[in-house]
Amino acid sequence: MRAAGIKASQALPETVKIVEVGPRDGLQNEKVVVPTEAKINLINMLSESGLTVIEATSFVSPKWVPQMGDQVEVMKGIKKKPGVSYPVLTPNLRGFQAAVKAGASEVAIFGAASELFSKKNINCSVEESLQRFDEVMKAAKEAAVPVRGYVSCVVGCPYEGKVAPEKVAHVAKRLYSMGCYEISLGDTIGVGTPGSMTEMLEAVSREVPVSALAVHCHDTYGQALANILVALQMGISVVDSSVAGLGGCPYAQGASGNVATEDVVYMLHGLGIKTGVDLLKLMDAGSFICRALNRKTNSKVAQAACKL
Amino acid sequence: MLATSMRRNHCGSMWIITEHEYPKFVKIVEVGPRDGLQNEKEIVPTGVKIQLIDMLSATGLSVVEATSFVSSKWVPQMADHTQVLQGIQRAPLTQYPVLTPNMQGFQDAVAAGATEVAVFGSASETFSRQNINCSIDESMLRFQEVINAAKERQIPVRGYVSCALGCPHEGRIEPSKVAEVAKRLYEMGCYEISLGDTIGVGTPGSMFKMLQMVKKDVPIDALAVHCHDTYGQALPNILTALQMGVSVVDSAVAGLGGCPYAPGSTGNVSTEDVLYMLHGMGIQTNVDLNKVIEAGDFICNALGRRTNSKVGQAKSGTL
């Protein structure tokens with residue numbers, strides 16, 4: 001396999017923007033439901049660590065996602081740091097309106113590259129979900145609220161298995177053309193490797209500018225950092241991660257999910273890439289939330305650092 | 001294969017040239033039964049060690065580090081070295097190297113039937129003194145004896161360089177020092193040099209710089225990487241090494257072997273996770289991942305602990 005599409009003189013990005021998804025994607029997938037004040041405290045600690053994007057909560061019906069039932073209180077309770085964005089998930093127009101009312105100034109919508117996953121997850125086809133999002137996009141444009149688009153199952157689906165890179169590119173392009181300023185490509189079940197990651201990113205980057213792409217890697221099979229490294233080598237400079245590696249994998253009981261922000265930052269700093277993040281303050285936030293959840297961190301850096 | 005080179009741009013971040021071919025085949029050196037078990041708290045009975053090695057032999061692995069001929073005073077977990085080496089069922093195409101820190105160990109290993117041995121140097125003076133009670137230079141003299149004796153018996157010798165990306169005592173280690181020690185071992189007669197990130201602090205950045213230096217003095221196809229996953233960096237570090245032409249990777253089934261310098265943290269990278277990555281990249285290994293997972297399950301049951309392999313964890317939890 002050749003590392004295709006890379007010119008001999010291409011540099012790694014000088015700066016990488018970390019999109020911290022712990023408070024939303026992380027906590028949403030934890031068994032223990034954390035009190036509102038603990039969520040607020042977590043987000044405030046993360047705000048002080050230098051992160052510039054912290055996904056705060058999700059305006060999904062609490063009937064489906066009880067962990068995010070306190071979405072309005074969280075949004076209103078956090079201390080918003082200037083220069084930091086606090087996007088929230090808005091799966092439909094109602095969620096969008098509730099989000100804006102609660103003070104959200106950036107939102108995110110979630111598409112899938114797999115038809116079966118879309119049906120099982122949000123009860124409609126990929127095309128139908130994109131039409132739903134059209135309403136949200138229109139309202140967001142009117143309100144001058146930026147929208148981030150997520151594509152899940154980009155290198156594998158728990159139901160369909162392998163996902164065609166062209167399908168991922170198609171969905172990413174749709175979201176981008178609809179007005180999403182950034183598309184986060186999610187390896188939802190963590191099955192990707194530098195092989196499938198490269199293939200998928202090649203297909204997507206033919207349709208969406210690399211500067212508008214992000215990777216959201218799960219570490220279920222231990223491949224996240226290697227996958228992130230090849231993404232960086234292909235020019236991607238936005239990486240999603242979750243403090244303490246919060247958020248297990250709902251498709252493999254007991255297995256890990258999100259990649260740990262601490263481990264990503266450790267790698268990036270070791271490469272001389274700037275992130276603006278203070279790793280020690282980040283680890284403090286990680287320790288805090290793990291105590292609140294009464295669980296051990298999933299971050300190897302955090303595990304090692306507290307033992308030396 | 002195109003050469004790699006590195007220079008810094010005006011803002012100081014790193015250029016990594018990535019136009020390269022990945023190796024078509026990677027040799028895995030399985031160190032679980034030695035490096036792994038040596039660093040586990042629980043001591044495993046001889047019968048279990050033998051069964052583990054036999055299961056690993058059946059996976060297609062071509063190198064399984066079987067045991068260590070170190071004094072049992074220092075490493076009680078390896079006290080049964082002779083029984084292990086004599087008890088295993090050797091697969092015809094598999095090598096079973098053993099550690100031999102000195103002539104005494106070498107002679108015992110040969111008497112027990114060893115057909116390949118390994119010596120362990122360090123790129124850090126302090127680590128050398130703390131770990132094997134002598135300077136790097138003194139250790140090289142000891143190894144020269146072993147290598148000479150091995151040559152007479154046509155027994156191949158593998159050389160390890162520990163602390164290649166950092167030392168628990170000295171901190172940062174200069175790539176030139178790693179290159180110097182690697183070169184010495186190679187010129188003394190080691191057929192392969194395994195560069196070890198002993199405390200797992202390396203990142204693709206420091207791995208790149210270190211290999212860049214070492215491959216000036218040792219041919220790339222005589223180099224191996226032995227990455228620890230203490231900071232979660234092992235797979236990206238291995239990926240970087242592959243991009244630079246390395247095609248031999250050390251790993252331990254189930255990620256056996258914690259880090260003695262950060263108790264409770266992980267040590268060796270898991271063979272299962274390495275295989276998953278390599279196979280996903282279309283790189284051949286001739287190793288059956290499912291059989292490695294089975295061997296991992298077996299030894300973890302025996303140790304009464306959970307696997308450190310993410311692949312192992314995911315497979316056992318899959319609905």
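Every chain is numbered from 1, with letters handed out A, B, ... down the list of sequences.
Panel note: side chain A/Thr193, backbone B/Gly280; a donor-acceptor pair is recorded below 3.5 Å.
A heavy-atom distance below 4.5 Å is found between the side chains of B/Gln233 and A/Leu225. Considering only heavy atoms from C-beta on, B/Tyr276 comes within 4.5 Å of A/Val191 through its side chain. Between B/Gln313 and A/Tyr221 there is no side-chain heavy-atom pair separated by less than 4.5 Å. B/Lys310 has its side chain out of reach of A/Gln223: every pair of non-hydrogen atoms, C-beta onward, lies at least 4.5 Å apart.
A/Asn227 does not touch chain B: none of its heavy atoms, backbone or side chain, sits under 4.5 Å away. For a residue to count as touching a neighbouring chain, one of its non-hydrogen atoms must lie under 4.5 Å from one of that chain's; by this rule B/Asp229 touches chain A with backbone and side chain alike.
A/Leu271 approaches B/Pro204 most closely through the heavy-atom pair CD2-CB, 3.7 Å. Nearest approach of A/Leu229 to B/Pro236, heavy atoms of both residues: CD2-O, 3.7 Å.
Taken from OG1 in B/Thr266 to NZ in A/Lys300, the straight-line distance is 3.5 Å, to the nearest 0.5 Å. How far CE of A/Met267 is from CG of B/Asn237: 9.0 Å, rounded to the nearest 0.5 Å.
Counting heavy-atom pairs closer than 4.5 Å to chain B, the top-ranked of the candidates A/Thr220, A/Leu268, A/Ile228 is A/Thr220.
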